[in-house]
Amino acid sequence: MAPPRKSGGKAPKTNHGSEKNLKRKRGEDSLSSLIQRVEDLDLKGSLKNFADLPLSDPTARGLTASHYKTMTDIQSRAISHGLKGRDILGAAKTGSGKTLAFIVPVLENLYRRQWTEYDGLGALILSPTRELAIQIFEVLRKVGRYHGFSAGLVIGGRSLREEQDRLGRMNILVCTPGRILQHLDQTAMFETNNLQLLVMDEADRILDMGFQHSVDAIIDHLPKERQTMLFSATQTKKVSDLARLSLQEPEYVAVHEAAASATPTTLQQHYVVTPLPQKIDTLWSFIRSNLKSKTVVFLSSGKQVRFVYESLRHLQPGIPLMHLHGRQKQGGRLDITTKFSQSQHAVLFATDVVARGLDFPAVDWVIQMDCPEDADTYIHRVGRTARYERVGRAVLFLDPSEEKGMLLRLEQKKVPIERINIKANKQQSIKNQLQNMCFKDPELKYLGQKAFISYVKSIYVQKDKEVFNLKELPLEEFAGSLGLPGPPGDDTKERKNASWKMASMSSDEDDSDAEDKKDKKDEQQVRTRYDRMFERRNQDVLAEHYHKLINDDGTIVATGAGNGAGEDADEDADFLSVKRRFVAGDAGLDQVNSDSDSDASVAKKVAIDGQEPLVIDSKRREKLLKSKKKLLKFKGKGTKLVYDDDGNAHEMYEMEDEEDFKARGDAKAQREKFLEGETERTRQADLEDKEVARDKRREKKEKRKARERALADEEADEERGAQGFQLPYIEPMDLGTPPPSDPESEPEKDTRRPSKKVRVSFAEPESSEEESTYKRDKTKKSKKKAEPQIETLGDLEALASGLLG
Ligand SMILES: Nc1ncnc2c1ncn2[C@@H]1O[C@H](COP(=O)(O)OP(=O)(O)OP(=O)(O)O)[C@@H](O)[C@H]1O
């Protein structure tokens, strides 16, 4: 931040000028000395503290203010290379401080180039998830607070247009691949020609198949001559990846390569062998015995997460439960992330959307209820605990069929893990409660069915068949453990129970069979409200889907909807496909509105006014039949009627009686009189129309003027904001600001630059009081800067939007 200007009388012009020159000279000297120190930096030497590094004053102050003093291993090794502009492949254990290892070089390398907003985008930092991007942005904001760069967070969730307007002014962007690609393709003002640094956090994830297309397209937009830094706990060294990124003799900085384990030494890792049908009981028992802990539970899909969260929530374990998966709305995801971060005791059920990079403070346990797809995913998941020298514990649940294969994979990756057993007296079964709940609550049962199917699919699509073997899994018992009467679509099981029988009235049954109809009628009489709900909700729907998935012989068939484990794509559309069926009869329109419990999935015929019946075989058609307007087209043209004073209806143009007509006089005279009357009526109508048109023109003009006035006001506001008087997160600053402790040495403003250009900084907004003083007197500058009140990620989002503003 620029130090306060001296108040008081004006200094003589000549003195002022020479003072400025002096300051500029000092600034230039300190910059060239910094550049020299970086050149002289010995890459082999091991530095311990940030203070040992050749860093600019704003970065050094940012680090101190954020309480970073001693460097971690990866920081002391990677930052030196980064400062020298080398390409880096950085690999270090989870929670070991990789974020700072790239943030510091980003800030420093732009600083030494004296980067300003006129130079455009200088650094692009890519993250695979929005949550991680926000976290990186927060670190950047904290450490870079004394710099004058503009920084933005581009992760979607707001309109493209809003972001477009601000993107052109950014020096550093933290973003997710999809969103930035959208801008690169569509935002005219967004130039990357000048880009100096590209960073990929969780690089192996960004470079994998899921992001391949986006990343390749992004790289196409970037200049080849740039510094590239890739970081991950499980780093890629694939030559093909390095070629894709045009890395130039990258420095492989792998801190844990020589270490005995790939995971933090402060992390205790265990596994329990718990057959698939007992997993949920084991989880419940674990939660009940750890009510004073903070735990993350990983599951393989969003549907699993939802079901486990909802069902355990109903059972009220005595600790707050939260859930997070990719299909949730952005705002909700951020709220949960913040809430869990701030919680002391809580359980978060999550998919791998939180497996990488997220730095939740003080997590005690990581439970992997569903086996991770590979050892790398395991390492990232357990990395949510035991971060930066803290202790933590992790437990992996393995079905007996997964034990051998998974342990081998973990051993190959140097993950030390030991078996533990569950104390028999602590194990509780919630099977009966779940069955009860699913019976009473069709929504929950529906979630259970979806969870079951998504789990089966996730196992089926796993690549590592030595670990995942669907045939070995007791699926029937697994369904039972979720509170389901059997695997969705398993008719034999359901037929055992009379109350479930109606559920098997699937689309395969022949309605023309009179016997069958009678049976159904009888059964209908004993059906309960729940029975009807079950039929309506899910049995048929999921049964069909499940049949598509599983052949008669029990083997799995490819459905084309094979999503990867952990993928949360909603297949509801598939589930809800309804077979065409017709019911005889010509029920009236009312039938559409009647209770559709028993035949929601069955097509109906509806006759309208004796016309050819319409077949209702889809929701869309049923909706159509409820729309009066749309139905008109089936009703034929109406006739316009006029009513006399007695309320009798008449045709519009009824023929008059001839005698009556003659009695009124000569036909010619009558015609002329009629014409005269009509001419006068038309003239009057014309006058009225003109009046209305005039009013409309006037109104339009007034609106236009109001718009122009508002625009002019806005421009004036912007103008004021551009001078640092109004917009909250914008403040004019100089690059290369020397320490404020020495106000004399502040380099002068670069007078070559136009004075009204916007400079966006990491600096926090002034307090409102200070701000108003600031506005009143342009010459007085607030001496003190308020610390930002960033308590939640929501605040951070707001700040990010501010920075983008
Ligand atoms: N030099 C340091 N001194 C003190 N704390 C630090 C230091 N560097 C990082 N930390 C803290 O360590 C924690 C983990 O850092 P960070 O998130 O950068 O780890 P990471 O290596 O990126 O982890 P992951 O592999 O899970 O992404 C953070 O809370 C961070 O504030």
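All values below come from the heavy atoms of this structure, side chains included, with hydrogens, waters and symmetry mates left out. Whatever order the structure lists ligands and atoms in, that order sets their numbers, starting from 1.
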| query | ring pair (Phe, Tyr, Trp, His ring centres under 6.0 Å) with F349: which residues, sequence neighbours excluded? | reply | none
| field | Partner set under side-chain contact (heavy atoms from CB on, under 4.5 Å) for L43, not counting sequence neighbours | value | S80, H81, K84, R86
Between ligand 1 and the protein, give all atom pairs where both partners are nitrogen or oxygen and the distance is under 3.5 Å, as lines of names plus distance to 0.1 Å.
{"unit_1": "ligand 1", "atom_1": "1 (N)", "unit_2": "T70", "atom_2": "O", "d": "2.7"}
{"unit_1": "ligand 1", "atom_1": "1 (N)", "unit_2": "Q75", "atom_2": "OE1", "d": "2.9"}
{"unit_1": "ligand 1", "atom_1": "3 (N)", "unit_2": "Y388", "atom_2": "OH", "d": "3.2"}
{"unit_1": "ligand 1", "atom_1": "8 (N)", "unit_2": "Q75", "atom_2": "NE2", "d": "2.8"}
{"unit_1": "ligand 1", "atom_1": "17 (O)", "unit_2": "R387", "atom_2": "NH2", "d": "3.0"}
{"unit_1": "ligand 1", "atom_1": "18 (O)", "unit_2": "K98", "atom_2": "N", "d": "3.3"}
{"unit_1": "ligand 1", "atom_1": "18 (O)", "unit_2": "T99", "atom_2": "N", "d": "3.1"}
{"unit_1": "ligand 1", "atom_1": "18 (O)", "unit_2": "T99", "atom_2": "OG1", "d": "2.6"}
{"unit_1": "ligand 1", "atom_1": "19 (O)", "unit_2": "G97", "atom_2": "N", "d": "3.2"}
{"unit_1": "ligand 1", "atom_1": "19 (O)", "unit_2": "R387", "atom_2": "NH2", "d": "3.4"}
{"unit_1": "ligand 1", "atom_1": "21 (O)", "unit_2": "S96", "atom_2": "N", "d": "3.1"}
{"unit_1": "ligand 1", "atom_1": "21 (O)", "unit_2": "G97", "atom_2": "N", "d": "3.1"}
{"unit_1": "ligand 1", "atom_1": "21 (O)", "unit_2": "K98", "atom_2": "N", "d": "3.1"}
{"unit_1": "ligand 1", "atom_1": "21 (O)", "unit_2": "K98", "atom_2": "NZ", "d": "2.8"}
{"unit_1": "ligand 1", "atom_1": "23 (O)", "unit_2": "G95", "atom_2": "N", "d": "2.8"}
{"unit_1": "ligand 1", "atom_1": "23 (O)", "unit_2": "R387", "atom_2": "NH2", "d": "2.9"}
{"unit_1": "ligand 1", "atom_1": "25 (O)", "unit_2": "K98", "atom_2": "NZ", "d": "2.7"}
{"unit_1": "ligand 1", "atom_1": "26 (O)", "unit_2": "R384", "atom_2": "NH1", "d": "3.1"}
{"unit_1": "ligand 1", "atom_1": "26 (O)", "unit_2": "R384", "atom_2": "NH2", "d": "2.9"}
{"unit_1": "ligand 1", "atom_1": "26 (O)", "unit_2": "R387", "atom_2": "NH1", "d": "2.8"}
{"unit_1": "ligand 1", "atom_1": "26 (O)", "unit_2": "R387", "atom_2": "NH2", "d": "3.3"}
{"unit_1": "ligand 1", "atom_1": "27 (O)", "unit_2": "E202", "atom_2": "OE2", "d": "3.1"}
{"unit_1": "ligand 1", "atom_1": "29 (O)", "unit_2": "D359", "atom_2": "OD2", "d": "2.5"}
{"unit_1": "ligand 1", "atom_1": "31 (O)", "unit_2": "Y68", "atom_2": "OH", "d": "3.0"}

| query | When you check the gap from the basic side-chain N to the acidic O, do K98 and D201 get nearer than 4.0 Å? | reply | no
| field | Salt bridge present between R409 and D374 (N-O < 4.0 angstrom) | value | no
| said: Does either side chain, that of Y271 or that of E403, offer a donor lying less than 3.5 Å from an acceptor on the other one? | reply: yes
| What residues form a side-chain hydrogen bond (donor to acceptor under 3.5 Å, both in side chains) with R113, not counting sequence neighbours? | Q196
